[in-house]
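One structure is given below, encoded as structure tokens.
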There are 2 protein chains.
Amino acid sequence: MYMPVLELPPVRDLAACCAPITREPISEDSAEKFARSLKALADPARLRIVSMVAAHADAEACVCDLQQPLGLSQPTVSHHLKVLTDAGFLSRSKRGTWAYYTLVPGSLDSIAGLLATV
Amino acid sequence: MYMPVLELPPVRDLAACCAPITREPISEDSAEKFARSLKALADPARLRIVSMVAAHADAEACVCDLQQPLGLSQPTVSHHLKVLTDAGFLSRSKRGTWAYYTLVPGSLDSIAGLLATV
DNA sequence: CCGGAACATCGATGTTTGTCAATATTTATG
DNA sequence: CATAAATATTGACAAACATCGATGTTCCGG
């Protein structure tokens with residue numbers, strides 16, 4: 001009594017050069033999303049903004065606070081703040097004529113955590 | 001290459017809107033370097049490459065291994081591998097006609113660690 | 001209600017980047 | 001040495017991006 005031979009899946013030619021896969025790599029979709037988050041951080045001005053916000057008491061800063069040390073125009077600073085906010089790293093609250101930006105708690109950590117799983 | 005505006009505006013009135021600084025934000029230089037590293041990772045194809053390399057037995061893969069699942073041309077895959085290698089995330093070793101890429105141990109972790117200090 | 005202050009949005013511009021086709025380079029093999 | 005295979009490099013091009021000046025918008029004080 002013997003088992004029927006199982007048909008082999010249409011595997012690609014593994015013979016030549018490469019080691020087998022030991023686990024699934026991240027999906028195309030996850031890569032896309034993760035890349036979007038990293039892109040939001042991958043700019044010197046934006047990294048400094050995040051750092052400056054974190055360096056403030058209350059982890060809070062307004063545009064007027066950032067413009068001069070960054071050496072960038074006000075529209076450019078606003079642009080970067082929007083990118084960081086859209087990506088979920090900062091949140092905006094307006095009080096009077098000022099707009100205060102604060103770090104979203106855990107947002108940086110979650111990126112750091114994702115890096116470990118890549 | 002375009003330069004940000006260099007001239008510093010006259011000292012602004014600090015009185016008005018903002019909380020004091022509790023620690024020094026990262027330097028312009030560190031921001032520049034860190035951004036370069038993040039930029040190298042901030043691309044869907046490159047994240048998938050890193051993941052695919054890590055997913056291989058021996059954490060090693062050759063170009064031929066990556067091209068088809070990525071759905072990109074061979075020159076494009078080589079380009080991404082070069083970016084990741086120059087940034088210190090992958091290392092290359094050639095054996096015969098094949099080029100094997102492996103993860104540089106700790107390189108991802110060090111980026112994750114830097115994120116915490118921003 | 002008017003002027004000014006803080007910030008956002010828009011439009012334009014030069015730069016960087018991701019991609020591919022074509023070509024060069026390197027290595028093994030006949 | 002000639003050929004083929006795997007990879008790298010080059011050149012070109014369109015899309016994305018960072019930046020700024022000009023302009024809109026919102027809010028406060030007189």
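The chains referred to below are lettered A, B, ... by the order of the sequence lines, with proteins before strands, and numbering in each begins at 1.
The distance from atom CG of A:D65 to atom P of C:dA6 is 12 Å, rounded to the nearest whole Å. Separating the NZ atom of A:K39 from the C1' atom of D:dA16 is a distance of 8 Å, rounded to the nearest angstrom. Rounded to an integer number of Å, the gap from B:H80 NE2 to C:dC20 C1' is 11 Å. Rounded to a whole Å, the CG atom of B:L84 is 14 Å from the P atom of C:dT17. In this structure, the CG atom of B:L66 is 12 Å from the C1' atom of D:dT7, given to the nearest Å. Separating the CG atom of B:D43 from the P atom of C:dG18 is a distance of 5 Å, rounded to the nearest angstrom. Rounded to whole Å, the distance from CG on A:D86 to P on D:dC17 is 12 Å. The nearest whole Å value for the distance from the CG atom in A:L38 to the P atom in C:dT17 is 15 Å.
Where A:T97 and A:P75 each meet DNA chain C at their nearest nucleotide, the meeting point lying more 5' is that of A:T97. Across the interface with DNA chain C, nearest-nucleotide mapping of B:V83 and A:V77 shows A:V77 to be the residue nearer the 5′ end.
Neither OP1 nor OP2 of C:dA6 sits under 4.0 Å from any side-chain N or O of A:Y101. Taking 4.0 angstrom as the limit, B:R95 places none of its side-chain polar atoms (N or O) nearer than this to OP1 or OP2 of C:dA28.
With distances taken from any side-chain atom of A:T76 to the nucleotides D:dC20, C:dT19, D:dT7, the minimum falls on D:dC20. With D:dC20, C:dC7, D:dA8 as the choices, the nucleotide that has an atom nearest any side-chain atom of A:A99 turns out to be C:dC7. In this structure, the nucleotide among C:dC7, C:dT26, D:dT9 sitting nearest to the side chain of B:K94 is C:dT26. Across C:dG18, D:dT19, C:dT9, the shortest atom-to-atom separation from the side chain of A:K82 is found for C:dT9. Distance from the side chain of B:L72 is smallest for C:dT19 among the nucleotides C:dC7, C:dT19, D:dA18.
Using a 4.0 Å heavy-atom criterion, one finds that A:H79 contacts the bases of the nucleic acid, with or without backbone contacts as well. A:R46 comes within 4.0 angstrom of the backbone, heavy atoms only, and of no base.
In summary, B:E32 and A:R48 do not engage in a salt bridge, as defined by a charged side-chain N under 4.0 Å from a carboxylate O.
The base of D:dA8 sits with one of its N or O atoms less than 3.5 Å from a complementary donor or acceptor on the side chain of B:Q74.
Side-chain contact between A:V104 and A:L90 is absent, with no heavy atoms from C-beta onward closer than 4.5 Å.
In summary, the side chains of B:S110 and B:S107 do not present any donor paired with an acceptor at a separation below 3.5 Å, with no hydrogens or angles considered.
Checking side-chain atoms of A:K39 against main-chain N and O of B:A42 turns up a donor-acceptor pair under 3.5 Å.
When each of A:I49, A:V50, A:V63, A:L84 is tested with A:Y101 by the rule side chain to side chain contact (heavy atoms under 4.5 Å, CB included), just one qualifies, namely A:V63.
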